[in-house]
Amino acid sequence: MRLRHIEVFQAIVQAGTISGAARLLNVSQPNVSRVLNHAEQQLGFALFERRVQGMVPTVEGRRLMPEIERLYSHLQDIAHLTEQIRRGKRQTVRLGAAHAFGQMIVAPAMVAFQQQAAMVNVELVTEHFGTLCQNVQQQQLDLALVFGQQVPTDLLAEPLCQSRMVAILPKNSPQQGPVSLEWLCHNNLLMMQQQDPLGQVVHRALRDRHLKPAASLYIKTYSVIADMVLAGGGTGIVDLFTAHRYADQLKIVPISQPLPFEVMLISRSDMPQSREVLQLKQELKIKCRELATRCLPMLQAA
């Protein structure tokens, strides 16, 4: 297989259709079909089955996929390296983070890092857990700061700190903490989505107590939950870092049933880490632990 064959094969696997692969490669649909047909003619077997729902790899195609993915990953590394060379000798660190960490941890950590490593570029992406894991696996990110959850086996997870979630109420709420999950459910608890790392903890605790919130909203971004409470939409459960960000606008109280969470850094276990990546990791660890310490009074509020 030629490199162009491999590029088209990978694009079709990712997109699931000829038209989708053409969009990924920024070429015409006939061009993708022509390259695929040429590859299959040279190989002497089909790489995909043409079905109504799209292109499905054949048995032969599936056997090739692991090797092609490895080669394609190396090609991406080469592209990344050539881009670094084109820009000059400046090293680039690619960092991903859950949205909740952007303002309270990542921003001050990046400022501290840039003061020490002014010649290093930092590319920051804020995303949700699943996307961050995928980006680290595909080497689009060097590391990511996430809330704890079981990660794929090819990723290394380094725990930074552990804490508990808190309840957020309207500022004028007369309720004093700690509050129970029962009380929150009866007061329009705005829910995290079930597949979310912290959402799994909350949903499991509610199931164990046979509770169901009256509100029907399931929200993916923690700051949106806080904004909804701020707008009078109900009560919420969030991590300490999001709560700290809204401390002047909302009432923050402990929850009587502990809802633990963990913060961790993830990276590829099979990739060596540069000095710059290790330096940025150290700043993230420092800022995370500093903020966790500052947030402790929220867990001890009366």
Side-chain angles (χ1 to χ4, degrees), residues 1-96 121-144 146 150-156 195 266-274 276-277:
M1 293 181 76
R2 299 178 182 177
L3 285 178
R4 187 57 176 168
H5 297 159
I6 290 170
E7 189 176 29
V8 166
F9 178 90
Q10 184 72 7
I12 295 173
V13 169
Q14 289 179 350
T17 62
I18 294 289
S19 59
R23 286 192 295 271
L24 285 177
L25 298 172
N26 198 26
V27 299
S28 68
Q29 188 171 332
N31 185 288
V32 172
S33 297
R34 185 164 56 251
V35 173
L36 176 60
N37 290 335
H38 184 257
E40 291 179 329
Q41 287 173 8
Q42 282 203 331
L43 293 170
F45 55 81
L47 293 170
F48 294 93
E49 295 178 12
R50 284 74 170 169
R51 297 182 182 175
V52 175
Q53 65 268 35
M55 304 289 283
V56 179
T58 61
V59 173
E60 294 81 4
R62 289 197 297 272
R63 288 183 62 186
L64 287 171
M65 282 173 65
E67 294 301 324
I68 287 178
E69 286 175 357
R70 272 192 283 271
L71 178 56
Y72 192 71
S73 176
H74 288 312
L75 290 174
Q76 288 181 314
D77 289 343
I78 292 171
H80 180 63
L81 178 59
T82 55
E83 178 64 16
Q84 284 185 350
I85 294 171
R86 186 184 68 80
R87 292 182 183 180
K89 294 185 178 180
R90 292 174 69 100
Q91 173 72 21
T92 298
V93 177
R94 300 162 299 169
L95 170 66
N121 294 320
V122 180
E123 297 176 359
L124 172 64
V125 174
T126 55
E127 262 296 352
H128 296 288
F129 179 83
T131 303
L132 290 172
C133 285
Q134 185 178 17
N135 287 349
V136 173
Q137 285 179 302
Q138 296 176 353
Q139 300 181 47
Q140 296 172 16
L141 293 173
D142 296 306
L143 71 161
V146 299
Q150 187 173 358
V151 301
T153 55
D154 58 342
L155 296 183
L156 172 67
Q195 63 270 32
I266 58 172
S267 56
R268 282 187 64 108
S269 58
D270 61 343
M271 296 291 292
Q273 295 179 344
S274 67
E276 292 78 11
V277 168

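This structure is a prediction, so every number in the text was calculated from the model and none was measured.
L64 is listed as a side-chain neighbour of M1, based on a closest heavy-atom distance under 4.5 Å. Put simply, the side chain of L156 does not reach to within 4.5 Å of the side chain of R268, judged on heavy atoms. A 4.5 Å side-chain heavy-atom check between Q140 and Q134 finds every atom pair outside the cut-off. For the pair F129/V151, a side-chain contact is recorded, criterion being any heavy-atom separation below 4.5 Å from C-beta on. Put simply, the side chain of M55 does not reach to within 4.5 Å of the side chain of E49, judged on heavy atoms. Considering only heavy atoms from C-beta on, I12 stays 4.5 Å or farther from T17 through its side chain. Contact annotation: the side chain of L95 approaches that of L143 to within less than 4.5 Å [non-hydrogen atoms, C-beta and beyond]. Within the 4.5 Å cutoff, side-chain heavy atoms of E7 are placed close to those of L25.
For the pair R62 (side chain) and P57 (backbone), a donor-acceptor distance under 3.5 Å is present. Side-chain atoms of N37 come within 3.5 Å of backbone atoms of S33 as a donor-acceptor pair (strictly under, hydrogens ignored). Panel note: side chain R94, backbone V125; no donor-acceptor pair is recorded below 3.5 Å. Listed for the H74 side chain is no donor-acceptor partner under 3.5 Å among the backbone atoms of L71.
R70 CZ to L75 CG: the interatomic distance, rounded to the nearest 0.5 Å, is 13.5 Å. Going from atom CG of L155 over to atom SG of C133 covers 5.5 Å, rounded to the nearest 0.5 Å. How far CD of Q29 is from CZ of R34: 12.0 Å, rounded to the nearest 0.5 Å. Going from atom CG of D270 over to atom CG of D154 covers 7.0 Å, rounded to the nearest 0.5 Å.
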After noting the C-alpha distance and the side-chain angles of Q10 and M65, does the key distance pass the side chain to side chain contact (heavy atoms under 4.5 Å, CB included) rule? CA-CA 8 Å; Q10 184 72 7; M65 282 173 65; over 6 Å; no
What's the verdict on side chain to side chain contact (heavy atoms under 4.5 Å, CB included) for F48 and V13, showing C-alpha distance, side-chain angles and the deciding distance? CA-CA 9 Å; F48 294 93; V13 169; 3.9 Å; yes
Check against side chain to side chain contact (heavy atoms under 4.5 Å, CB included), L47 and L36: CA-CA 8 Å; L47 293 170; L36 176 60; 4.0 Å; yes
Please step through side chain to side chain contact (heavy atoms under 4.5 Å, CB included) for the pair T92 and E123, ending with a clear verdict. CA-CA 7 Å; T92 298; E123 297 176 359; 3.6 Å; yes
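For the pair A15 and L24, the tightest heavy-atom approach, listed with the atom from each and the gap, is CB-CD1, 3.9 Å. The two residues V136 and A144 make their nearest non-hydrogen contact at CG2-CB, 4.0 Å. Shortest non-hydrogen contact noted between V32 and A22 is CG2-CA, 3.7 Å.
No side-chain donor from either of N135 and E127 sits under 3.5 Å from a side-chain acceptor of the other. Side-chain atoms of Q273 and S267 include a donor-acceptor pair closer than 3.5 Å.
The existence of a salt bridge linking E40 and R50 is confirmed by a sub-4.0 Å separation between a basic side-chain nitrogen and an acidic carboxylate oxygen. For E60 and R63, the salt-bridge test fails: no basic side-chain N is under 4.0 Å from an acidic carboxylate O.
Atom CZ of R4 is surrounded by more than 12 heavy atoms from other residues, nucleotides or ligands within 6.0 Å.
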